[in-house]
Structures are given as structure tokens and as C-alpha cells.
Amino acid sequence: MSVHSEIKRITTNTLLSMKQKGEKISMLTAYDFSMAGILDDAGIDVLLVGDSASNVMAGHETTLPITLDQMIYHAQSVVRGVKRCLVVVDLPFGSYQGNSKEALNSAIRIMKESGAHAIKLEGGEEVGESIKRIISAGVPVMGHLGLTPQSIYKFGTYSVRAKEEAEADQLIRNASILEEAGCFALVLEKIPASLGTKVAANIKIPVIGIGAGGGVDGQVLVMHDMLGINKDFSPRFLRRYAALYDVIKDATTAYINDVKKKDFPNEKEQY
Ligand code: KIV
């Protein structure tokens, strides 16, 4: 008798065959057990435990402050919540840029302590050696090019990347380097749609875009943004599928009113 459930899990191979069949890949971020369970039940293909947790969970202005221990905590919670989707975890700023040994140790900690299925890291050629070392230890790696938020102080702005030819050519080269290094997929963030389409056509691994247009192999959004929990973040690429800020605020107001006017709890809601 198997101790494992019958549910067919999404793997890195599933994503590759989805690209080959022209089936788009759906990916969202998640940071906790309860939300991860809902997104998985809805049929999401990939959950990313993004270092955007630094913004949407912890309230920091950038992704830089979040630590490896904090990422592992979020990843453990997400892994416990899902049955089917692939769980990818961001290596946080400062946990891999030093050298490939540091990168490998960080990746191993995430895999061993959280039970996640893959890691993601930002950068091109400069992280190629680290990617190869992590993959040679058996850990699948997702790349991330374009707007890479861990480098925000180098860019100085969150505006669209690779609009100029030189940066676009560099991005195309880096995408091939990441593919050759063995990445199973690549995130492209906030670049012209035509460039996203070109990269996705140029490489065999799935390309998942956020603000990279519709010509890539899949889409990712930050859960808080697409559910409308964040009211003040409205980039052009964002489509909101709910207005949870208002739903939660209205529910909270109704609860406060019921408590104040002694309507809650009623006869049936007590022992
Ligand atoms: O951390 C994150 O949420 C991400 C996505 C924007 C791709 O890296």
C-alpha cells in the first residue's frame, strides 16, 4: 500500500511538456498555508514563495530585507498547504550572490527544511556558475531576468527594462546562458512584450512573464495584487480578479458594528 496520495503532481517536466503543447502555465505567489491550499485547490500550476513576501507580508519597501530563515518559514507553510502544484522558492538577497558554495548551501537549506520542489534566483551570466552547482546537487532552478527587484538600487527605478537594444540583446544572451546552465524555466519581469515573445521563441524552456506580454509560455502575478488586497499598486500589467481590500474592510466594519450594538453573539452563537 502506498503512503502517497493519487493526485498527479506538477513537475518541472510537466511544465516543459506544457510549453511543447502550447498550453499556458499559471503561476501565482503564495506565502502561507491557508491561501496556498485555496490556490492549489483552484488548480494553479506553480506557486512561487516569492521574496515579495518582504513587501506584502512584512511591509518592507523592497525585497532586500527578507532573510533565508524567513523564506524557509513561508515555504514550509506553503508546502504544507498544497497537494498538486509545483512549489518554487526564491533565494533571498544576500543568500547566493557571494559565491557558488554559498548559493548551493542556501538552496540545500530551502529544499531540506521546507520540502519545496525548486528554487528561483535573479540574474544572468553572473549567477551561471551558482546555477550549475545547485543543479548538479539535484535542485531544479528557475531563472529571473528583466526587472530583478533585488537589484533595485542599481536600477534606481521599477520602470520597464530592456527597452534599449543593448539591454534587450544582453537579456536574450542571458536567457540562453540560463537555459544552457540547466534552468528548467525562466521568469521575465516588466519588459516589452515583443522581447518576451522573442525570448520564449528562442529557448526551449518555459518562459513565465510578469509584465512581459502574452507571447510567453505562462503568467505569474503577486497574489495580493491580483486579489485586490493591495489598493495602491496599479501597474499596467496587473489585472485584478477580486477586490478583497473592500471585502475584508466591509466585513470587519460589519463585525465591529455587531459587537458594539451587542448583536453578536446572538442566542444561537453561544453555549
Ligand atoms: O518575489 C516575487 O513575487 C517574484 C515575482 C514577481 C515573479 O519574484
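Numbering of ligands and ligand atoms starts at 1, following listing order.
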(message) Using a strict threshold of under 4.0 Å (side-chain N to carboxylate O), is an ion pair present between D246 and K231?
(response) yes

(request) Taking atom NZ of K163 as the centre, report whether more than 12 heavy atoms of other residues, nucleotides or ligands fall under 6.0 Å from it. (result) no

(message) Taking 4.0 angstrom as the limit and counting only heavy atoms of I210, give me the atoms of ligand 1 inside it, by number and element.
(response) 6 (C)

(message) Students should be able to answer this: which protein heavy-atom is nearest to atom 3 (O) of ligand 1, and at what distance?
(response) S52 OG, 2.5 Å

(message) Just to check, does K120 reach to within less than 4.0 Å of ligand 1 when the distance is taken from its heavy atoms?
(response) yes

(message) Can you classify the ring geometry of H74 versus Y31 as parallel (below 30°), tilted (30 to 60°) or perpendicular (above 60°)?
(response) perpendicular

(message) Within ligand 1, which atoms have a heavy atom of H144 less than 4.0 Å away?
(response) 8 (O)

(request) Considering only NZ, NE, NH1 and NH2 on the basic side and carboxylate oxygens on the acidic side, decide whether R161 and E167 come within less than 4.0 Å. (result) yes

(request) Kindly give the heavy-atom pair with the smallest separation between P149 and L147, and that separation in Å. (result) CD-O, 3.4 Å

(message) Between D40 and R84 (salt bridge meaning N to carboxylate O under 4.0 Å), is one present in this structure?
(response) no

(message) Can you tell me if Y255 has over 12 outside heavy atoms packed within less than 6.0 Å of its OH?
(response) no

(request) Considering only non-hydrogen protein atoms, determine which one is nearest to atom 4 (C) of ligand 1 and report residue, atom name and distance to 0.1 Å. (result) L48 CD2, 3.5 Å

(message) Using a strict threshold of under 4.0 Å (side-chain N to carboxylate O), is an ion pair present between K24 and D45?
(response) no

(request) Taking only heavy atoms of V222 into account, list the atoms of ligand 1 that are under 4.0 Å away from them. (result) 3 (O)

(request) Between T63 and ligand 1, find which residue part has any heavy-atom pair under 4.0 Å and reply side chain, backbone, both or neither. (result) neither

(request) Using a 4.0 Å heavy-atom cut-off, say whether D51 meets ligand 1 through its side chain, its backbone, both or neither. (result) both

(request) Below 4.0 angstrom from a heavy atom of T29, which ligand 1 atoms are there? Numbered from 1 as shown, please. (result) 3 (O)

(request) Tell me, please: is E122 in heavy-atom contact with ligand 1, that is, under 4.0 Å? (result) no

(request) Could you tell me whether D90 and ligand 1 have an N or O pair separated by under 3.5 Å? (result) yes

